[in-house]
Amino acid sequence: MSIDVPNTKRARAQAKGPFGSVGKVLDELDDRLGVAKGGRTFMDKIFPDHWSFMLGEIALYSFVILLVTGVFLTLYYIPSQDLVTYHGTYLPLDGMRVTEAYASTVNMSFAVRAGLLMRQMHHWSCDIFVGAIVVHMARVFFTGAFRKPRELNWSIGLTLLTLAIINGFLGYSLPDDLISGTGIRIAYSIVLAIPLVGTYIGFWLFGGNFPGTMIIPRFFILHVLIVPGIMIALVGAHLFLLVRQKHTQFPGKGRTEKNVVGSPMFPVFMAKTTGFLFVIAGITALLGAFAQINPIWQFGPYEASRISYAVQPDLYMAFLDGALRIWPSWSFHSFGHTIPFEVTVPALILPGLIFGLCYMWPTLERLFTKDNELHNLLDRPINRPKRTAAGVSMGVFITVLFFASSTDVIANFFHVSLEEVLIAMRVLVIISPIIAYPITYRICKELQHTPGSGKRKTANVVTRSEDGEYIATSSPVYVDDAHHGLAAVEVPRFISAAPDEESETSGTRVVER
Amino acid sequence: MSDRHEERTPVHLQGLSPNDPHLQPASKNPQQVERVIAVCFVLGLVLVAAFGACFWINAQPWKLGATLGGGMTFLGIGLVAWGKYLMPQGPFVEDRHALANSKDDRDAFAASIVQRGGDVVKRRKLLGGLLGSGLGVFTVVAMFPLLRSLGPLPKKTLDHTDWKKGSYVVDSTGRRVKAGDLAVGSIVTVYPEGTQNSDRGQAVDQTVLIRISNENFTTMKGRENWGPKGYLAYSKLCTHLGCPVGLYEQQLQVLVCPCHQSTFNVLNGAVPEFGPAPRPLPQLALYIDASGNLRAQNDYDQPVGPGFWERS
């Protein structure tokens, strides 16, 4: 530094250049890593704004909360089925012979600071996680966001849903309480039901006949290391593809297949999404504080010969339990072998079919519509009545199965016999999807003919003429309610059934899809 | 997102002049919004600090959750509002460049694999085949030790329980059940003596003992002397999925499984009357010895619990 330059604040600031010390750090980084170009592109990356795009963020942030709270829980949980005599702070269990897994879970709930809060937050965020994935998936499905080029990301998302359900079940089993232990027993029986190799898989998974002493430690390592490891990798891939392929957007002013309209990554999107992470964490903590979930000290430790009333799995397993309840007792038994169809069909084949259909849907739709174009603009669900109707039909089917998992509770609550509830569920599970399809299809078709539907009605202006006659005319449309024209897009290979502005004129074809 | 958003034309972020309307905050009244956000942040800060205090004094869980949750929520709401109302309102547009490369690039890529790589492999078919079989065998072989060390082979384990000829019937405390112990209409879970405290006894041998009358009771043909003095013993494992059949409805004389509501008629050999269970609960043949103890005539005549492939 030359002697002439006084060592003042301003001089030091000038010496650093127009971007100050941040600029200096970025320069140093760029020298070594070459981050300037890519970094700028990333900071300027545009994210489309729509409320429904938050659903995936809910899932992502619940996953983050699961990881953080989960790490806390591993510090106190002991994955062991060795029996100990409980002498903890929860007196009703004092002196009972329980497994170390159960004792440590009760201890972390009562004797560890914030332990109960963390446990409940972990359980709540699991339910939120799976729920958010399902709703996010519904959004992707009904708006056609899974279409080319995004089929791979659809499959990754489905795999994540599967793993989330599996890991939810594994984690739910770890406390080794009476209800989760019954769940493990059922899972073991389902494994046994696999034809040919079921008993082998069961014995290798459990290290012998049920219950054995290995299942809790094995579930633990699957739950905290193997499954989450795969999930982290898949979440990374999911987000990488999202960035690489850029987010889809709804049609609107200035939006085309070849651009993205929205807010930049920095600072707008970053502020919103980080704030959203805080809000979700906050709400999860409030649920953990005020809504009790899985009070295992009330259920008691697992003993294979004990059971309690209203045994139900966690939310995301309920559709399987419902299927097991209402499927008839058809068992194959001949040639010296048994195939327990009463188990294999509802617990293995049915979920296989449901998930298989979901995995194949993008391919099936491409085959049926022969639409092999790239799609970056989203569909409005009413403009794809068949897809929407199929999705609603599947949703209704799963919902009925979900309610079928509480036949006993429903029967008790409404004071009807269990038989009637069961038969009603069997009928509903077949009838509802069949009814839902045409109704949804019809509603979509009707809505297509009312482009302004959902908008406010215009006011009736009633005027009295000189003769005393009253005439009602409608006022002009509010500016906000006016139907916005879409930007010009490429001529589609398939003409949507939705009437656009010109549909009133002659010569416009409305093509059935 | 808002309607005002829709009215403006999206512009590219690059090269905007600093006072372009797209870079102005979305709110019409930024000062007011800033005050609201400041209040949110202050509340968030206070609550998060309160969480620290609660943690320090080991407060009740709901206080921990309320302060942590409230603090995070307020900080989050403030930050979202900051992004939504005080940051550049946009909308901005970014071009979407086609991911697909030119035909030449694709062909060059394919040529690298198919021609250069393909030639090498095609010329050395023997080597390729050997390497492939080596890896294939390794994959298969690697599975065996992995699977085999996980647990024993099932063999006939599932076909038998620990009930044997002459096993004493004991309750969960290990006390032998005598002929006069149960009143008519009572039920108790029993085990073969010696297994009542073991995992296997609990999971496999568990049996419900019901007394339905004072006289010998025959549930079906061929089981004439299985129910001495009205004592009937059935496996407690549901034949559907192995839950304990824990509910006994005395009026209807049925056993109900709480898991999936399979219902078994006690009087006619626990034949399923309702629900998804496919088979009756196996019945254990009992006798009463000279000293009045209840004992098993033999093991169950069939495997207990849910179905599996090897079950004949």
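Residue numbering restarts at 1 for every chain, and letters A, B, ... go by the order of the sequence lines.
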**Student:** What I'd like to find out is whether the side chain of A/Val343 reaches to under 4.5 Å of the side chain of B/Pro306, using heavy atoms alone.
**Tutor:** no
**Student:** Measure the spacing between CG of A/Leu117 and CZ of B/Phe55 and express it to the nearest 0.5 Å.
**Tutor:**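 CZ of B/Phe55 is found 9.5 Å from CG of A/Leu117.
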**Student:** Which region of B/Gln206, side chain (C-beta onward) or backbone (N, CA, C, O), has a non-hydrogen atom less than 4.5 Å from a non-hydrogen atom of chain A, or is it both or neither?
**Tutor:**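 B/Gln206 touches chain A through side-chain heavy atoms alone.
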**Student:** Ring-plane angle category for A/His337 and B/Trp309, please: parallel below 30°, perpendicular beyond 60°, tilted otherwise.
**Tutor:** parallel
**Student:** If I measure from the heavy atoms of chain A, does B/Phe74 come under 4.5 Å with its side chain, its backbone, both, or neither?
**Tutor:** neither
**Student:** Please look at A/Tyr188 and chain B and tell me whether the side chain, the backbone, both or neither of the residue comes under 4.5 angstrom of a heavy atom of that chain.
**Tutor:** side chain
**Student:** Taking side chain as everything from C-beta outward and backbone as N, CA, C, O, which of these in B/Ile77 sits under 4.5 Å from a heavy atom of chain A? Side chain, backbone, both or neither.
**Tutor:** both
**Student:** Going from CD1 on A/Ile307 to NZ on B/Lys236, what distance comes out if it is rounded to the nearest 0.5 angstrom?
**Tutor:** 8.5 Å
**Student:** What part of B/Leu237 gets closer than 4.5 Å to chain A, counting heavy atoms only: side chain, backbone, both or neither?
**Tutor:**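 Just the side chain, heavy atoms under 4.5 Å.
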**Student:** Please classify the contact of A/Asn209 with chain B as side chain, backbone, both or neither, using a heavy-atom distance under 4.5 Å.
**Tutor:**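 Just the side chain, heavy atoms under 4.5 Å.
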**Student:** Which of the residues A/Pro346, A/Pro267, A/Ala193, A/Gly208 is involved in the greatest number of heavy-atom pairs with chain B at under 4.5 angstrom?
**Tutor:**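 Winner by heavy-atom pair count: A/Pro267.
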**Student:** So what's closer than 4.5 Å to chain B heavy atoms on A/Leu116: side chain, backbone, both or neither?
**Tutor:** side chain
**Student:** Does A/Leu422 reach the side chain of B/Gln261, with side-chain heavy atoms less than 4.5 Å apart?
**Tutor:**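 No, their side chains stay 4.5 Å or more apart.
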**Student:** Of the backbone (N, CA, C, O) and the side chain (C-beta and beyond), which part of B/Ala277 lies under 4.5 Å from a heavy atom of chain A, both, or neither?
**Tutor:** backbone
**Student:** Does any backbone or side-chain atom of A/Ser308 lie under 4.5 Å from a heavy atom of chain B? Answer side chain, backbone, both or neither.
**Tutor:**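 Contact with chain B is through the backbone of A/Ser308 alone.
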**Student:** If I take atom CG from residue B/Leu79 and atom CZ from residue A/Phe276, how far apart are they, to the nearest 0.5 angstrom?
**Tutor:**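 Reported value, rounded in 0.5 Å steps: 12.5 Å.
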**Student:** Checking A/Ile190 against chain B: side chain, backbone, both or neither under 4.5 Å from a heavy atom?
**Tutor:**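 For A/Ile190, the contact with chain B is made by backbone and side chain together.
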**Student:** Where does B/His240 contact chain A at under 4.5 Å (heavy atoms): side chain, backbone, both or neither?
**Tutor:**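 When you check distances to chain A, atoms from both the backbone and side chain of B/His240 fall under 4.5 Å.
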**Student:** Would you say A/Tyr200 and B/Leu153 make side-chain contact, with heavy atoms under 4.5 Å?
**Tutor:** yes
**Student:** If we define contacts as heavy-atom pairs under 4.5 Å, which of A/Gln81, A/Glu303, A/Arg218 has the most with chain B?
**Tutor:** A/Arg218
**Student:** Of the backbone (N, CA, C, O) and the side chain (C-beta and beyond), which part of A/Val268 lies under 4.5 Å from a heavy atom of chain B, both, or neither?
**Tutor:**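 For A/Val268, backbone and side chain are both near chain B.
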**Student:** Please classify the contact of A/Met214 with chain B as side chain, backbone, both or neither, using a heavy-atom distance under 4.5 Å.
**Tutor:**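 No part of it gets close to chain B.
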**Student:** Measuring heavy-atom distances to chain A, does B/Thr239 have an atom under 4.5 Å in its side chain, in its backbone, in both, or in neither?
**Tutor:** backbone
**Student:** Given side chains that start at C-beta, do those of A/Pro340 and B/Arg279 come closer than 4.5 Å, heavy atoms only?
**Tutor:** no
**Student:** Does any heavy atom of chain B fall under 4.5 Å from the side chain of A/Gln120, the backbone, both, or neither of them?
**Tutor:** neither
**Student:** A side-chain contact here means heavy atoms from C-beta on lying under 4.5 Å apart; do B/Asp95 and A/Lys258 qualify?
**Tutor:**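 They are not in side-chain contact.
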**Student:** Distance check, rounded to the nearest 0.5 Å: B/Ser262 atom OG versus A/Arg325 atom CZ?
**Tutor:** 10.0 Å
**Student:** With heavy-atom distances below 4.5 Å as the criterion, would you say the side chains of A/Trp330 and B/Pro278 are in contact?
**Tutor:**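 No, too far: nothing below the 4.5 Å cut-off.
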**Student:** Side chains of B/His260 and A/Asp321, heavy atoms from C-beta outward: is any pair under 4.5 Å?
**Tutor:**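 Of all side-chain heavy-atom pairs linking A/Asp321 with B/His260, at least one is under 4.5 Å.
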**Student:** With a 4.5 angstrom heavy-atom cut-off, is it the side chain or the backbone of B/Val256 that approaches chain A, or both, or neither?
**Tutor:**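 For B/Val256, no heavy atom lies under 4.5 Å from chain A.
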**Student:** So what's closer than 4.5 Å to chain A heavy atoms on B/Gln60: side chain, backbone, both or neither?
**Tutor:** neither
**Student:** Answer with side chain, backbone, both or neither: which region of A/Phe210 has an atom nearer than 4.5 Å to a non-hydrogen atom of chain B?
**Tutor:** both
**Student:** Under a 4.5 Å heavy-atom cut-off, does chain B meet the side chain of A/Arg244, its backbone, both or neither?
**Tutor:**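 A/Arg244 touches chain B through backbone and side-chain heavy atoms alike.
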**Student:** Could you grab the distance from atom CD of B/Glu94 to atom NZ of A/Lys246, nearest 0.5 Å is fine?
**Tutor:**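 Rounded to the nearest 0.5 Å, the CD-NZ separation comes out at 4.5 Å.
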**Student:** Would you say that A/Leu192 contacts B/Leu158 through its side chain, given a criterion of any heavy-atom pair below 4.5 Å between the two side chains?
**Tutor:** yes
**Student:** Pick whichever of A/Thr182, A/Leu277, A/Leu324, A/Thr273 has the most heavy-atom pairs under 4.5 Å with chain B.
**Tutor:**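 Most pairs with chain B among the choices: A/Leu324.
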**Student:** Working to the nearest 0.5 angstrom, can you tell me the gap between A/Leu374 CG and B/Leu99 CG?
**Tutor:**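 Here the rounded value is 8.0 Å.
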